[in-house]
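The structure appears below as structure tokens.
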Amino acid sequence: PGLAKGDIVSGNRGTGGRLAISRDNGATWTGLGFDFAVCLVGIDRHGHIYASPYTGTGDYEGLYRGVYSTATSTWTFTRVTLTPALHDIRVNTKIQQYAWAEDNSGGAYDGYIYIGAYHSSAVHEVYIWRSVDAGDTWTLAYSDTTTRQHVHGLRVDQVSGRVYAG
């Protein structure tokens, strides 16, 4: 099956890292077919898994969304397109990892998913993208090019729907 209540999904950035699932409280782990060292793991309400693979050269190569197919009983991971892409905003800047949050408040923005970039540039810039369609498309929701360098974490206030970045 795809994901079930109680399943644990984990990524490992170390040597031999991969994305894996445990259905028995961490006693055993099964790879999900995404055999890269992974920094970010996020799971949305639709059971899609988001992962950022580490290349081993100090940079992460984008963001991928994993969707489970009941027809083939496998996970398929495809690269997510952020619009505009960070490398289009700032040339020669690569994403190192992402911060992740989803609004489950039941309010006007319920179901929105947010991704904040932690990038390798020494320039002080912050970018946060938003998806309103379960991760199919992503648009720039916020940018600050004055004092902040990157996003370590995102949280959505589940009462008000406000997004907080740190």
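What you find for Ser131 and Thr137 is that their closest heavy atoms are OG-O, 3.0 Å. Ser105 and Asp157 get closest at one heavy-atom pair: CB-O, 4.3 Å. For the residue pair Ala101 and Val156, the shortest heavy atom distance occurs at CB-CG2, 3.9 Å. Taking each heavy atom of Ala27 and Ser22 in turn, the nearest pair found is N-OG, 3.9 Å. Of all heavy-atom pairs spanning Arg23 and Ala4, the tightest one is NH1-N, 4.2 Å.
If you take CH2 on Trp138 and CG on Asp133, they are separated by 9.0 Å, rounding to the nearest 0.5 Å. Here the CD1-CD1 distance, from Ile113 to Ile43, works out to 11.5 Å after rounding to the nearest 0.5 Å. Rounded to the nearest 0.5 Å, atoms CG (Leu19) and OG (Ser10) are 8.0 Å apart. Atom-to-atom distance recorded for Thr28:OG1 and Ile21:CD1 is 10.0 Å, nearest 0.5 angstrom.
Under 4.0 Å is where a charged nitrogen must lie from a carboxylate oxygen, and between Asp103 and Arg130 no such pair does.
At most 12 non-hydrogen atoms from other residues, nucleotides or ligands lie less than 6.0 angstrom from CG of Asn25. Around atom CZ of Phe77, more than 12 heavy atoms belonging to other residues, nucleotides or ligands sit under 6.0 Å away. Summarising the local packing, CZ of Arg45 is surrounded by more than 12 heavy atoms from other residues, nucleotides or ligands at distances under 6.0 Å.
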Side chain to side chain contact (heavy atoms under 4.5 Å, CB included) evaluation trace for Ile115 with Trp100: CA-CA 5 Å; Ile115 296 291; Trp100 157 273; 3.5 Å; yes

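At least one side-chain heavy atom of Leu32 sits less than 4.5 Å from a side-chain heavy atom of Val9.
Side-chain heavy atoms closer than 4.5 Å link hydrophobic residues (I, L, V, M, F, W, Y) into clusters, and following such links, possibly through other members, connects Val132 to Val163. Linking ILVMFWY side-chain heavy atoms closer than 4.5 Å, directly or via other members, places Tyr50 and Leu140 in a single hydrophobic cluster. Taken together through direct or relayed side-chain contacts under 4.5 Å among Ile, Leu, Val, Met, Phe, Trp and Tyr, Tyr142 and Leu154 form part of one hydrophobic cluster. Criterion: ILVMFWY side-chain heavy atoms under 4.5 Å apart, direct or through other members. Under it, Leu3 and Trp29 are not part of a common hydrophobic cluster.
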